[in-house]
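Quick one: the structure is below, questions incoming.
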Amino acid sequence: MIYVSRQEHFNAAHKLYNPDWSREKNYEVFGPCANENWHGHNYDLIVTVKGYTDPETGFVIDLKKLSNLIKTEVIEKLDHKNLNLDVSFMKGKMASTEILVKEIWSILEPKIPPITSFGQLHSVKLYETPRNYVEYLGE
Ligand code: NI
């Protein structure tokens, strides 16, 4: 089994705020991410496909096709957007990296086999900061 990854980048704004809690509790739990007037992150997204090599190309997946898929289905919907307000699949959800990475998985997972017969989605890793990242393997 071979693992092939593509990294993409986007910027987005969000806040982490539970409307059922007081302002004080939101700041206590979420710290500066609770700022009512939003803040931004530079996100790095790493998508990994696992599989076997196509005997005709030697590829598990054509990384140009994977890059185009990630850009069309994910990056264009998130880049320079407000995750809480602008992104349809995040409506009504907490704009945490954990929730976002699961949503990205749900979007990409069914679209990987059509662009490769030899691979399937293995993981989606999302860096919110260079030191904080979340990885989802679909379960
Ligand atoms: Ni934040």
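Numbers here are sequence positions counted from 1.
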Check your understanding: How about Y27 and N35: do any of their side-chain heavy atoms sit closer than 4.5 Å?
Key ->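 They are in contact (side-chain heavy atoms under 4.5 Å apart), so the answer is yes.
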**Study point:** Heavy-atom donor-acceptor pair, N11 side chain to H80 backbone, under 3.5 Å
**Key:**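 Between the backbone of H80 and the side chain of N11 there is no qualifying donor-acceptor contact (under 3.5 Å).
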Review point. Would you call E103 and Y136 a side-chain contact if the rule is heavy atoms closer than 4.5 Å?
Key: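 Result no, sub-4.5 Å side-chain heavy-atom pair not found.
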Point to revise | Over 12 foreign heavy atoms within 6.0 Å of OH, Y3 | key: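 Correct, the count exceeds 12.
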Practice item. State whether a side-chain donor-acceptor pair under 3.5 Å links N84 with H14. Key: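 Looking only at side-chain atoms, H14 and N84 do not form any donor-acceptor pair under 3.5 Å.
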Exercise for review: Measure the CD-OG1 distance between Q7 and T48 for me, rounded to the nearest 0.5 Å.
Suggested key: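 So the gap between those two atoms works out to 10.0 Å.
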Exercise for review: For residues I99 and F89, determine if any side-chain heavy atom of one lies less than 4.5 Å from a side-chain heavy atom of the other.
Suggested key: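 Result no, sub-4.5 Å side-chain heavy-atom pair not found.
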Practice item. Please report the C-alpha distance between M90 and L100 in whole Å, then the side-chain angles of each, then the deciding distance to 0.1 Å, and finally whether the side-chain contact (heavy atoms from CB on, under 4.5 Å) criterion is met. Key: CA-CA 7 Å; M90 292 299 288; L100 187 54; 3.8 Å; yes
Practice item. First locate atom OH of Y17, then atom CZ of R23, and finally report the distance between them rounded to the nearest 0.5 Å. Key: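 Y17 atom OH to R23 atom CZ measures 6.5 Å (nearest 0.5 Å).
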Review point. Is it the case that more than 12 heavy atoms not belonging to Y133 sit under 6.0 Å from its OH atom?
Key: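 Open: at most 12 neighbouring heavy atoms sit under 6.0 Å from OH of Y133.
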Exercise for review: Give the cluster check for W38 versus F10: same hydrophobic cluster or not, with ILVMFWY residues linked at side-chain heavy-atom distances below 4.5 Å.
Suggested key: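 Hydrophobic grouping puts W38 apart from F10.
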Review point. When clusters are formed by joining ILVMFWY residues with side-chain heavy atoms under 4.5 Å apart, either directly or through shared neighbours, do I46 and V60 land in the same one?
Key: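 No; tracing contacts between hydrophobic side chains, which count when under 4.5 Å, never links both residues.
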Point to revise | Sidechain-backbone polar pair: T72 side chain, N68 backbone, donor-acceptor under 3.5 Å | key: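 Here the side-chain-to-backbone pair exists.
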Check your understanding: Got a donor-acceptor contact below 3.5 angstrom from the D54 side chain to the F59 backbone?
Key ->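 No; judged by distance alone, with no hydrogens or angles, the pair does not exist.
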Practice item. Would you give the length of the straight line joining atom NZ of K50 to atom CD1 of I2, rounded to the nearest 0.5 angstrom? Key: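 CD1 of I2 is found 13.5 Å from NZ of K50.
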Exercise for review: Grab the two heavy atoms, one from L83 and one from A95, that are nearest each other, plus how far apart they are.
Suggested key: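 Result for this residue pair: CB-CB, 4.0 Å.
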**Study point:** Test salt bridge (charged side-chain N to carboxylate O under 4.0 Å, His left out) applied to E109 and K111, step by step
**Key:** CA-CA 5 Å; E109 195 271 334; K111 296 192 161 67; over 6 Å; no
Check your understanding: In Å, rounded to the nearest 0.5 Å, how long is the span from CG of D44 to NZ of K125?
Key ->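 One finds 11.5 Å between CG of D44 and NZ of K125.
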Exercise for review: Applying side-chain contact (heavy atoms from CB on, under 4.5 Å), run through L45 and H9 and close with a yes or a no.
Suggested key: CA-CA 6 Å; L45 174 65; H9 180 79; over 6 Å; no
Check your understanding: For the residue pair Y52 and F118, is the inter-centroid distance of their aromatic rings smaller than 6.0 Å?
Key ->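 Centroid distance Y52-F118: not below 6.0 Å, so no.
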Point to revise | Minimum side-chain heavy-atom gap L137-H122 below 4.5 Å | key: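 Yes, close enough: below the 4.5 Å cut-off.
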Check your understanding: Quick one: does D86's side chain have a donor or acceptor within less than 3.5 Å of a partner on N82's backbone?
Key ->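 Answer holds: yes.
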Point to revise | Minimum-distance pair of heavy atoms, taken over all atoms of P113 and P110 | key: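 In this case the closest contact between P113 and P110 is CD-O, 3.8 Å.
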Practice item. Can you see which heavy atom on L63 is nearest to which on R6, and at what distance? Key: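 For L63 versus R6, the nearest heavy atoms are CD2-CB, 4.0 Å.
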Practice item. Decide whether a cation-pi geometry holds between K25 and W21; the criteria are a distance under 6.0 Å from NZ or CZ to the six-membered ring centre and an angle within 45° of the ring axis. Key: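 Judged by the rule (NZ or CZ under 6.0 Å from the ring centre, within 45° of its axis), K25 counts as positioned above W21.
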Practice item. Evaluate the side-chain proximity of C33 to K15: yes if any heavy-atom separation is below 4.5 Å, no if none is. Key: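 In short, these two side chains do not touch, never coming nearer than 4.5 Å.
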Check your understanding: Tell me, do Y127 and T97 make a side-chain contact under 4.5 Å, heavy atoms counted?
Key ->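 Sidechains of T97 and Y127: no contact.
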**Study point:** Spatial distance of atom OG1 (T129) from atom NE2 (H41) [nearest 0.5 Å]
**Key:**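 Result: 8.0 Å between the selected atoms.
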Review point. For atom NZ of K91, is the number of surrounding heavy atoms from other residues, nucleotides or ligands below 6.0 Å larger than 12?
Key: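 For K91, atom NZ is crowded (more than 12 foreign heavy atoms under 6.0 Å).
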Exercise for review: Check step by step if side-chain contact (heavy atoms from CB on, under 4.5 Å) holds for V49 and L66.
Suggested key: CA-CA 9 Å; V49 172; L66 180 60; 4.1 Å; yes
Practice item. Could you state whether W105 and L78 fall into the same hydrophobic cluster, counting links through intermediate Ile, Leu, Val, Met, Phe, Trp or Tyr residues with side-chain heavy atoms under 4.5 angstrom apart? Key: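 Same cluster.
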Review point. CD1 of I61 to OG of S117: how many Å apart, nearest 0.5 Å?
Key: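 Those atoms lie 10.0 Å apart.
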Review point. Does NZ belonging to K65 count more than 12 external heavy atoms closer than 6.0 Å?
Key: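 Count not over threshold, so no.
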Review point. L69 versus L108: any side-chain heavy-atom pair under 4.5 Å?
Key: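 In contact.
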Exercise for review: Apply side-chain contact (heavy atoms from CB on, under 4.5 Å) to the pair V74 and E8, showing each step before the final yes or no.
Suggested key: CA-CA 10 Å; V74 178; E8 301 288 348; over 6 Å; no
Review point. Is I107 reachable from I75 through a run of hydrophobic residues whose side-chain heavy atoms are each under 4.5 Å from the next?
Key: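 I75 clusters together with I107.
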Point to revise | Side chains of H39 and P32 in contact at under 4.5 Å (non-hydrogen atoms) | key: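 Contact flag for H39/P32 side chains = no.
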Exercise for review: Might you confirm whether atom NZ of K102 has over 12 heavy atoms from other residues, nucleotides or ligands at distances under 6.0 Å?
Suggested key: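 Counting other residues, nucleotides and ligands, NZ of K102 stays at 12 neighbours or fewer.
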